[in-house]
Amino acid sequence: MGEIKRILVTGGAGFLGSHLCERLVEQGQDVICLDNFFTSQKSNVDHLLDCHNFELIRHDVTLPIWLEVDEIYNLACPAAPGHYQYNPIKTMKTSVVGAINVLGLAKRCRAKVLQASTSEIYGDPEVHPQPESYRGSVNTLGPRACYDEGKRASETLFMDYRRQNKVNTRIVRIFNTYGPRMHPFDGRVISNFIRQALHGEDITIFGDGSQTRSFCFRDDLVEGIMRLMAAPDDAGEPVNIGNPGEFTIRQLAELTIELTGSSSKLIQRELPEDDPKQRQPDITLAKSLLGWEPTVPLREGLAKTIEWFRSIDMSHYRPPTPNY
Ligand code: NAD
Ligand code: UDP
């Protein structure tokens, strides 16, 4: 390893952030994890607290912070629809004001800064699969807009700080990612289905279940974003990271039942407003720029995630919002 870097991970106690912190601590980096614990809990990083190269700060990214760092991964933002729609104004502030604060910090420290953007910026896409050049189809007025438009604005800010202030920026567009340490009550499809299957509850398919998603295992995703941070400094354009393996929600429900051995039944619930009908990443750019591609197929990643869900005591997890 080269010189030890001081690395800030905002949202570092979350599902993806905690795994990223773990990887960086293992590398021997000097890691600062910043989180307000809105959708996470300290237990996600408990095992890191005694490491000499790990530090935990309770802070809200909508407020400025003065630190000295070399790299910033900006992951702070609720990611599950039920979480980001709980307080949509705060969600927008977290994306926009949060981006301004981390970009200001990066500018002062001359740090590299990576924004966790999302496939949601493509909205309900008319182009399939979605390459980075596709500009998206987002309803600016609907219940998902606080998240989609917040992330779109954060991308704009990252590009403008790059052009105007020469900040060394990166943008990753993350497609649906799952794995151990997902919040069991976040309301996302994988956590809902596994929880329901393990408890013998009905599996709730929204709509007819023909809508698709492409699911990436957590470890593949984190590897991809670390490679993007390490990529040449001209890698400022957004990069899709996700697993192109595309499944209908009904297929996911059936696979979850098979892997858990559950006797749960599939039931239909109303499809939420603006729910995208299809989603699949075009990862040509990630392959050529980063030499990255996913290695964990859904069946294998889902089995690992189910194993983790079986190992936890769900009563220790506080549903962050009533919307699960
Ligand atoms: P998560 O909810 O587990 O993690 C987000 C973390 O940010 C949590 O620890 C939360 O407490 C923290 N946070 C929220 N608002 C904050 C604020 N104002 N100040 C400080 N901390 C705050 O979700 P995740 O899946 O780990 O997502 C991490 C990032 O990746 C998010 O930015 C999300 O938008 C993005 N992303 C995730 C996915 C996915 O499928 N997991 C897909 C696309 C994008
Ligand atoms: N979904 C579902 N049942 C659930 C939760 C979600 O059928 O209990 C569907 C949801 O309508 C969407 C897909 O699963 O079509 C993925 O939802 P999620 O909230 O995980 O993420 P999204 O990609 O929509 O942000």
Side-chain angles (χ1 to χ4, degrees), residues 9-21 33-42 44-45 57-63 65 73-85 87 90-91 93-95 97-99 101-102 114-121 124 144 147-148 150-151 154 172-179 181-183 186-196 201-216 218 221-222 225 240-242 247-250 252-253 266-279 320 323-324:
V9 182
T10 78
F15 158 54
L16 296 177
S18 60
H19 186 62
L20 175 63
C21 285
C33 166
L34 178 156
D35 209 296
N36 72 352
F37 303 110
F38 171 45
T39 58
S40 58
Q41 51 289 314
K42 275 182 256 173
N44 282 352
V45 289
I57 302 177
R58 180 189 284 266
H59 183 78
D60 194 305
V61 81
T62 59
L63 300 168
I65 188 158
Y73 290 86
N74 187 34
L75 270 56
C77 186
H83 292 171
Y84 66 66
Q85 290 171 23
N87 184 345
K90 179 65 193 266
T91 299
K93 279 190 192 167
T94 296
S95 279
V97 183
N101 285 332
V102 298
L114 177 145
Q115 170 65 3
S117 185
T118 168
S119 52
E120 278 287 312
I121 66 104
D124 190 4
R144 297 174 83 102
Y147 183 69
D148 302 8
K151 291 285 190 182
S154 71
V172 58
R173 291 185 181 153
I174 302 172
F175 284 66
N176 295 60
T177 302
Y178 68 99
R181 262 190 234 137
M182 292 187 87
H183 196 297
D186 66 11
R188 288 191 255 202
V189 69
I190 292 213
S191 26
N192 266 10
F193 285 3
I194 296 179
R195 203 189 66 246
Q196 291 162 342
E201 294 164 7
D202 291 340
I203 306 247
T204 52
I205 293 188
F206 298 166
D208 64 6
S210 63
Q211 71 273 32
T212 67
R213 294 293 186 273
S214 304
F215 299 102
C216 185
R218 174 200 70 177
L221 186 285
V222 167
I225 64 175
N240 287 340
I241 298 280
F247 295 83
T248 67
I249 294 306
R250 187 167 289 277
L252 177 70
L266 307 186
I267 59 161
Q268 267 182 236
R269 290 265 178 85
E270 202 180 329
L271 189 67
E273 196 179 333
D274 291 337
D275 200 277
K277 281 183 271 312
Q278 54 179 359
R279 195 182 278 157
N323 301 344
Y324 67 89

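Remember, it's 1-based here, ligands and their atoms both numbered in the order they're listed.
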**Prompt:** Step by step, would you call Val61 with Thr94 a side-chain contact (heavy atoms from CB on, under 4.5 Å)?
**Reply:** CA-CA 7 Å; Val61 81; Thr94 296; 3.9 Å; yes
**Asked** For ligand 1, which atoms sit closer than 4.0 Å to a heavy atom of Val61?
**Response** 17 (C), 18 (N), 19 (N), 20 (C)
**Minimum-distance protein heavy atom relative to atom 5 (C) of ligand 1** = Cys77 O, 3.3 Å
**Message:** Please check: side-chain N/O of Gln196 versus main-chain N/O of Thr204, any donor-acceptor pairing under 3.5 Å?
**Reply:** yes
**Request:** Find the distance between CD1 (Ile174) and CG (Leu75) and round it off to the nearest 0.5 Å.
**Result:** 6.0 Å
**Request:** Heavy atoms only: give me the nearest Ser154-Ala99 pair and the separation to one decimal.
**Result:** CB-CB, 4.0 Å
**Item:** Asn176-ligand 1 polar pair, N/O distance under 3.5 Å
**Value:** no
**Item:** Nearest heavy-atom neighbours spanning Gly12 and Val45
**Value:** O-CG1, 3.8 Å
**Prompt:** How about Arg144 and Glu120: do any of their side-chain heavy atoms sit closer than 4.5 Å?
**Reply:** yes
**Message:** Quick one: does any side-chain atom of Asp35 pair with a main-chain N or O of Ala13 as donor and acceptor, under 3.5 Å?
**Reply:** yes
Distance dump, ligand 2 polar atoms to protein, N/O, under 3.5 Å:
{"from": "ligand 2", "atom 1": "3 (N)", "to": "Thr204", "atom 2": "O", "distance (Å)": "2.6"}
{"from": "ligand 2", "atom 1": "7 (O)", "to": "Phe206", "atom 2": "N", "distance (Å)": "2.8"}
{"from": "ligand 2", "atom 1": "8 (O)", "to": "Asn192", "atom 2": "ND2", "distance (Å)": "2.8"}
{"from": "ligand 2", "atom 1": "8 (O)", "to": "Thr204", "atom 2": "O", "distance (Å)": "3.2"}
{"from": "ligand 2", "atom 1": "8 (O)", "to": "Thr204", "atom 2": "OG1", "distance (Å)": "2.9"}
{"from": "ligand 2", "atom 1": "11 (O)", "to": "Asp275", "atom 2": "OD2", "distance (Å)": "2.7"}
{"from": "ligand 2", "atom 1": "15 (O)", "to": "Gln211", "atom 2": "NE2", "distance (Å)": "3.0"}
{"from": "ligand 2", "atom 1": "15 (O)", "to": "Arg213", "atom 2": "NH2", "distance (Å)": "3.3"}
{"from": "ligand 2", "atom 1": "15 (O)", "to": "Asp275", "atom 2": "OD1", "distance (Å)": "2.6"}
{"from": "ligand 2", "atom 1": "15 (O)", "to": "Asp275", "atom 2": "OD2", "distance (Å)": "3.4"}
{"from": "ligand 2", "atom 1": "20 (O)", "to": "Val189", "atom 2": "N", "distance (Å)": "2.8"}
{"from": "ligand 2", "atom 1": "23 (O)", "to": "Asn176", "atom 2": "ND2", "distance (Å)": "2.9"}
{"from": "ligand 2", "atom 1": "23 (O)", "to": "Arg213", "atom 2": "NE", "distance (Å)": "2.7"}
{"from": "ligand 2", "atom 1": "23 (O)", "to": "Arg279", "atom 2": "NH1", "distance (Å)": "2.7"}
{"from": "ligand 2", "atom 1": "24 (O)", "to": "Arg144", "atom 2": "NH2", "distance (Å)": "3.0"}
{"from": "ligand 2", "atom 1": "24 (O)", "to": "Arg213", "atom 2": "NH2", "distance (Å)": "3.1"}
{"from": "ligand 2", "atom 1": "25 (O)", "to": "Arg144", "atom 2": "NH2", "distance (Å)": "2.9"}

**Request:** Could you tell me which atoms of ligand 1, counted from 1 in the order shown, lie closer than 4.0 angstrom to a heavy atom of Ala13?
**Result:** 9 (O)
**Message:** How far is atom 11 (O) of ligand 1 from the closest protein heavy atom, and which atom is that?
**Reply:** Asp35 OD1, 2.6 Å
**For ligand 1, the portion of Ser117 having any non-hydrogen atom under 4.0 Å away** = backbone
**Request:** Using distance alone, determine whether His83 and ligand 1 share an N or O pair under 3.5 Å.
**Result:** no
**Asked** Can you tell which of Tyr147, Phe37, Tyr73, Phe175 gets a heavy atom nearest to atom 34 (O) of ligand 1?
**Response** Tyr147
**Request:** Consider every N or O of Asn74 and every N or O of ligand 1, then say whether any pair is closer than 3.5 Å.
**Result:** no
**Request:** Identify the protein heavy atom lying closest to atom 13 (N) of ligand 1, giving its residue, its atom name and the separation to 0.1 Å.
**Result:** Asn36 OD1, 3.4 Å
**Prompt:** When you measure from atom 4 (O) of ligand 1 to every protein heavy atom, which one gives the shortest distance, and what is it?
**Reply:** Gly14 CA, 3.6 Å
**Message:** Once side-chain hydrogen bond (donor to acceptor under 3.5 Å, both in side chains) is applied, do any residues pair with Ser117, and if so which ones, sequence neighbours excluded?
**Reply:** Glu155
**Prompt:** Counting heavy atoms only, which part of Tyr178 comes closer than 4.0 Å to ligand 1: side chain, backbone, both or neither?
**Reply:** neither
**Asked** Under a 4.5 Å cut-off applied to non-hydrogen side-chain atoms, are Pro276 and Arg213 in contact?
**Response** yes
**Prompt:** Can a non-hydrogen atom of Lys151 be found less than 4.0 Å from any atom of ligand 1?
**Reply:** yes
**Prompt:** Should one rank Gly242, Gly11, Ala80, Pro78 by closest heavy-atom distance to atom 6 (C) of ligand 1, which comes out on top?
**Reply:** Gly11
**Message:** Between ligand 1 and Ser40, is the shortest N or O to N or O distance under 3.5 Å?
**Reply:** yes
**Request:** Look up atom CG in Asp186 and atom OG in Ser40, then write down how far apart they are to the nearest 0.5 Å.
**Result:** 11.5 Å
**atom 41 (N) of ligand 1: the protein heavy-atom neighbour that sits closest, reported with distance to 0.1 Å** = Arg188 NH1, 2.9 Å
**Asked** Can you find an N/O atom of Phe38 closer than 3.5 Å to an N/O atom of ligand 1?
**Response** yes
**Message:** What protein heavy atom lies closest to atom 8 (C) of ligand 1? Include the residue and the distance to one decimal.
**Reply:** Thr39 OG1, 3.2 Å
**Fill in**
For Arg279 and Ser214, the nearest pair of non-hydrogen atoms, with its separation, is O-OG, 2.7 Å
**Request:** May I ask you to identify the nearest protein heavy atom to atom 3 (O) of ligand 1, giving residue, atom name and distance to one decimal place in Å?
**Result:** Phe15 N, 2.8 Å
**Prompt:** Side-chain contact, heavy-atom cut-off 4.5 Å: Arg188 with Ile190?
**Reply:** no
**Prompt:** So, Thr10 side chain and Ala76 main chain: donor-acceptor pair closer than 3.5 Å or not?
**Reply:** yes
**Asked** Given Asn101 and Ile65, is the side-chain contact (heavy atoms from CB on, under 4.5 Å) satisfied, shown in steps?
**Response** CA-CA 8 Å; Asn101 285 332; Ile65 188 158; over 6 Å; no
**Prompt:** Should the proximity of His59 to ligand 1, defined as any heavy atom under 4.0 Å, be assigned to the side chain, the backbone, both, or neither?
**Reply:** backbone
**Request:** Check whether any side-chain heavy atom of His19 lies under 4.5 Å from a side-chain heavy atom of Phe15, and answer yes or no.
**Result:** no
**Asked** Which heavy atom in Gln278 sits nearest to a heavy atom in Thr212, and how many Å separate them?
**Response** CA-OG1, 3.1 Å
**Prompt:** Is any N or O atom of Thr118, backbone or side chain, closer than 3.5 Å to an N or O atom of ligand 1?
**Reply:** no
**Item:** Min N/O separation Thr94 to ligand 1 under 3.5 Å
**Value:** yes
**Asked** Parallel, tilted or perpendicular: which describes the rings of Phe215 and Phe247, with under 30° parallel and over 60° perpendicular?
**Response** tilted
**Message:** Give me the residue, atom name and distance of the protein heavy atom closest to atom 31 (C) of ligand 1.
**Reply:** Leu75 O, 3.2 Å
**Asked** Under 3.5 Å, N or O to N or O, is Leu16 touching ligand 1 that way?
**Response** yes
**Asked** With distance as the sole test, does Thr177 use its side chain to make a donor-acceptor pair with the main-chain N or O of Phe175 at under 3.5 Å?
**Response** yes
**Request:** Could you check which of Ser154, Gly17, Ala79 puts a non-hydrogen atom nearest to atom 23 (O) of ligand 1?
**Result:** Ala79
**Request:** Using modelled atom types only, decide if a donor and an acceptor are shared between the side chain of Lys277 and the backbone of Ser210 within a distance under 3.5 Å.
**Result:** no
**Check: Ile174 N/O within less than 3.5 Å of ligand 1 N/O** = no
